[in-house]
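Remember, it's a predicted structure, so these values are computed and weren't measured experimentally. To find a chain, count down the sequence lines: A is the first, B the second, and so on, and within it residues start at 1.
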2 protein chains.
Amino acid sequence: MIRVSIIGSGNVAQHLIVAFNKTTDIELVQVFVRNGAAVAHLINPDKIYNNFNDIIAADLFIVAVTDDAITEVSAAIPFSNELVVHTSGSVSISAIDNKNRQGVFYPLQTLSKSKEVDFKSIPICIETKNEKDFQILEKVAKSISNIVYKINSEQRKALHIAAVFVCNFVNHLYQIGNDICIENDLPFDILKPLIQETANKILTLQPNQAQTGPAKRKDIKTINAHLSFLSDENQKEIYKMLTKSIIDNGKKL
Amino acid sequence: MIRVSIIGSGNVAQHLIVAFNKTTDIELVQVFVRNGAAVAHLINPDKIYNNFNDIIAADLFIVAVTDDAITEVSAAIPFSNELVVHTSGSVSISAIDNKNRQGVFYPLQTLSKSKEVDFKSIPICIETKNEKDFQILEKVAKSISNIVYKINSEQRKALHIAAVFVCNFVNHLYQIGNDICIENDLPFDILKPLIQETANKILTLQPNQAQTGPAKRKDIKTINAHLSFLSDENQKEIYKMLTKSIIDNGKKL
C-alpha cells in the first residue's frame with residue numbers, strides 16, 4: 001500500500017480525495033487544508049491538519065494548490081528527500097522546491113466541484129527526475145486511472161494549451177450558443193444532441209474529416225447572412241476569426 | 001402510411017433515406033438524384049430517377065439540396081399545391097416556390113457521410129404555413145426522431161448560427177488541439193476524454209458554471225506563458241480573442 005498525502009483543498013485536491021478513497025492500493029494518510037470545512041465531508045477529520053508542524057510521513061506528497069503557490073507551499077514542507085509532486089498543467093517540474101524529489105502528477109480533465117467525474121477515464125500525465133520515483137508515481141496513477149502517460153514539462157505545457165482550446169474555449173462557444181438561444185427565445189436543450197455528436201465524431205474521425213458548416217463549404221452567402229444577423233460585436237468578431245481560420249485551414253490541406 | 005419523396009442525394013438526403021428505411025410509418029416512394037450512384041446502395045434502383053418527368057405523387061416532397069438550389073429545384077417540381085419542404089437551417093420557408101404548400105424540415109445535426117447517426121436523438125425543427133401541413137410534417141418527423149420542435153424561420157436562423165458556434169467552430173478548436181499535439185509529439189487521443197467530459201458537463205451544468213481554465217481564473221501569468229509558447233500567429237490570435245471574451249463574460253455575470 002502506498003501512503004499518499006495531499007496538500008490543498010481545491011477542485012483537484014477534492015477529486016483526488018474521492019478517487020483515492022475508492023482504491024485499496026492507496027492509503028490517504030493526511031490532507032492539509034487552510035480551511036478544514038472544504039473537505040470535511042470527504043475524509044475523516046483526524047486526517048485533516050492546517051499546520052505543517054502536524055505533518056506525518058508518506059511515500060508521496062501531492063501539492064494540489066494554485067500554480068503560483070506551488071513553490072512556496074512545496075518549500076514549506078518540513079521534510080527533505082521526499083517525493084513531492086504538483087498537479088499543474090502549465091508549471092515546470094522545477095517549481096517544486098528541490099530539497100525534495102520533484103515530480104508532476106497532472107490529471108488532464110476539466111474538474112468542477114459540483115460535477116462528479118470517473119477518474120478511471122482521466123489521463124494522468126506523470127513526470128519525475130528518476131526512474132524509481134517514476135515507478136511510485138505510475139503505481140499511484142494506475143490505482144485511480146486506466147490512462148497514464150509519461151509527459152515531460154515542455155510537452156505538458158503544449159498539452160495544457162491544447163486543452164485550453166478543446167475544453168475552456170469550447171465551453172465558451174457553448175456559452176455563446178446558449179446566449180444566442182436565450183436572445184431568440186430558443187431552449188439551449190435543442191443544441192445538446194449536436195454538442196454531444198460533435199464531441200463523439202472525433203472519436204472515429206480526424207477533426208478535419210469531421211468539419212462541416214458554411215466556412216468548410218466556403219458558403220460566403222450564408223456566412224454574410226450570419227454576420228448581418230449577429231448584433232453582438234464580440235460574437236461577430238469571434239465568428240469572423242474562426243470562419244477565416246477554417247477557410248485558411250482548408251487551403252493548407 | 002405517409003408517402004415521402006426525397007429530392008437530392010447529399011449528406012442530409014442520404015441520412016434521411018437511412019432513417020426512413022427504418023420506420024414502417026413512412027413509405028419512401030422516390031429519390032431524385034442527378035447521379036444515381038450516390039444513393040444506389042441505400043434504396044431500390046426502381047425508386048431512383050433523374051428527370052422530373054418521371055416524378056410520381058407523394059404526400060411530402062423533401063428538397064434536400066444546397067441552400068442556393070432550393071428555389072430553383074422547388075420550382076422545377078411539375079406539381080402544384082403539394083407539400084414541399086426544404087432541410088436548411090439558414091434559408092427562409094419562402095424560398096420554396098409558392099406554387100406548392102411551403103414548409104421546412106430541418107434536422108439540427110452535424111452529418112458526415114462516413115459517420116452513421118441515430119436519428120432518434122436528432123432534433124427536427126419544422127415549420128409550415130398552415131396547421132394541416134404542420135400535422136403531416138410532425139408525423140413524419142416523429143416517425144424518425146424523438147425530438148421535434150416548431151421553429152419559425154427567424155428563430156431557425158438564430159439556431160443555425162448558434163449551431164455554427166457549438167459545432168463547426170468547436171470542431172475547428174479540436175482541429176487546433178490536434179495540430180498542437182502533432183507539433184509537440186503528443187497523441188491527440190490524450191485529449192479525447194477531456195473533449196467528451198467538456199461536452200457532457202453542459203448536460204447538467206450551465207456553460208457559465210462549467211467554465212474552467214486560466215481565462216476564467218484571470219490567471220494572467222499562465223495566459224502570457226501560453227501566448228509566448230504559441231508560435232502560430234493564427235492560433236495566438238484565436239487564443240487572445242477567446243480569452244478576452246471569457247474574461248469580459250465574467251465581468252457581465
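Contact count against chain B (heavy-atom pairs under 4.5 Å) is highest for Val164(A) among Asp118(A), Val91(A), Val164(A), Thr204(A). The candidate from Ala225(B), Cys167(B), Gly213(B), Gly177(B) with the greatest count of non-hydrogen atom pairs under 4.5 Å with chain A is Cys167(B). Contacts with chain A were tallied for Lys244(B), Glu183(B), Lys201(B); Lys201(B) has the most, counting heavy-atom pairs under 4.5 Å. Note on Val117(B), Ile180(B), Leu191(B), Val166(B): by heavy-atom pairs under 4.5 Å with chain A, the leading option is Val166(B). Between chain B and the residues Asp68(A), Ile195(A), Asp179(A), the largest count of heavy-atom pairs under 4.5 Å involves Ile195(A). Contacts with chain B were tallied for Ala210(A), Ala215(A), Pro214(A); Ala210(A) has the most, counting heavy-atom pairs under 4.5 Å. Heavy-atom pairs under 4.5 Å with chain A peak, among Thr222(B), Ile202(B), Thr66(B), Ile122(B), at Ile202(B). Counting heavy-atom pairs closer than 4.5 Å to chain B, the top residue among Asp219(A), Asp189(A), Leu186(A) is Leu186(A).
For Asp185(B), the parts sitting under 4.5 Å from any heavy atom of chain A are the backbone and the side chain alike. In this structure, the portion of Pro187(B) lying under 4.5 Å from any heavy atom of chain A is its side chain and not its backbone. Proximity to chain B (any heavy atom under 4.5 Å) is shown, for Ile190(A), by both the backbone and the side chain. With a 4.5 Å cut-off on non-hydrogen atoms, Val170(A) touches chain B through its backbone and its side chain both. Both the backbone and the side chain of Thr243(A) come within contact range of chain B, with heavy atoms under 4.5 Å apart. Interface remark: Gln206(A) contributes side-chain atoms only to the contact with chain B (heavy atom separation under 4.5 Å). The contact between Ile147(B) and chain A is made entirely by side chain atoms (from C-beta outward), counting heavy-atom distances below 4.5 Å. Looking at Asn11(A), neither its backbone nor its side chain comes within 4.5 Å of chain B, counting heavy atoms on both sides. Interface residue Ile176(A): only side-chain heavy atoms are found under 4.5 Å from chain B. In this structure, the portions of Asn184(A) lying under 4.5 Å from any heavy atom of chain B include both its backbone and its side chain.
Defined by atom type and a distance below 3.5 Å, a donor-acceptor pair is present between the side-chain atoms of Ser245(A) and His172(B). A donor-acceptor contact under 3.5 angstrom links the side chains of Thr212(B) and Thr110(A), judged on distance only. For the 3.5 Å distance criterion, the side chains of Gln211(B) and Asn171(A) qualify, holding a donor opposite an acceptor.
Side chains of Lys216(B) and Asn168(A) form no contact here, defined as non-hydrogen atoms less than 4.5 Å apart. Looking only at side-chain heavy atoms (C-beta outward), Phe165(B) and Leu242(A) stay at 4.5 Å or farther from each other.
Distance alone, capped at 3.5 Å, is enough to place a donor-acceptor pair between the Gln196(A) side chain and the Ala199(B) backbone.
Gln109(B) and Pro193(A) make their closest contact through NE2-O, 3.5 Å (heavy atoms, listed as atom of the first residue, atom of the second, distance).
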* Leu230(B) vs Ile161(A), side chain to side chain contact (heavy atoms under 4.5 Å, CB included): CA-CA, chis, key distance, verdict -> CA-CA 9 Å; Leu230(B) 289 170; Ile161(A) 296 171; 3.8 Å; yes
* To do: Go through the steps for Lys221(A) and Asp67(B) under the test salt bridge (charged side-chain N to carboxylate O under 4.0 Å, His left out), then give the verdict.
  => CA-CA 9 Å; Lys221(A) 197 171 153 187; Asp67(B) 291 359; over 6 Å; no
* To do: In sequence, state the C-alpha distance, the side-chain angles, and the governing distance for Asn249(A) and Gln175(B), and then conclude on side chain to side chain contact (heavy atoms under 4.5 Å, CB included).
  => CA-CA 9 Å; Asn249(A) 188 65; Gln175(B) 171 79 53; 3.9 Å; yes
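To the nearest 0.5 Å, atom NZ of residue Lys192(B) and atom CG of residue Asn200(A) are 11.5 Å apart.
For Phe169(B) and Tyr239(A), the ring centers are positioned less than 6.0 Å apart.
Residues of residues 149-159 of chain B that come closer than 4.5 Å to chain A, counting heavy atoms only, are Tyr149(B), Ile151(B), Glu154(B), Gln155(B), Lys157(B), Ala158(B), Leu159(B), ordered by residue number.
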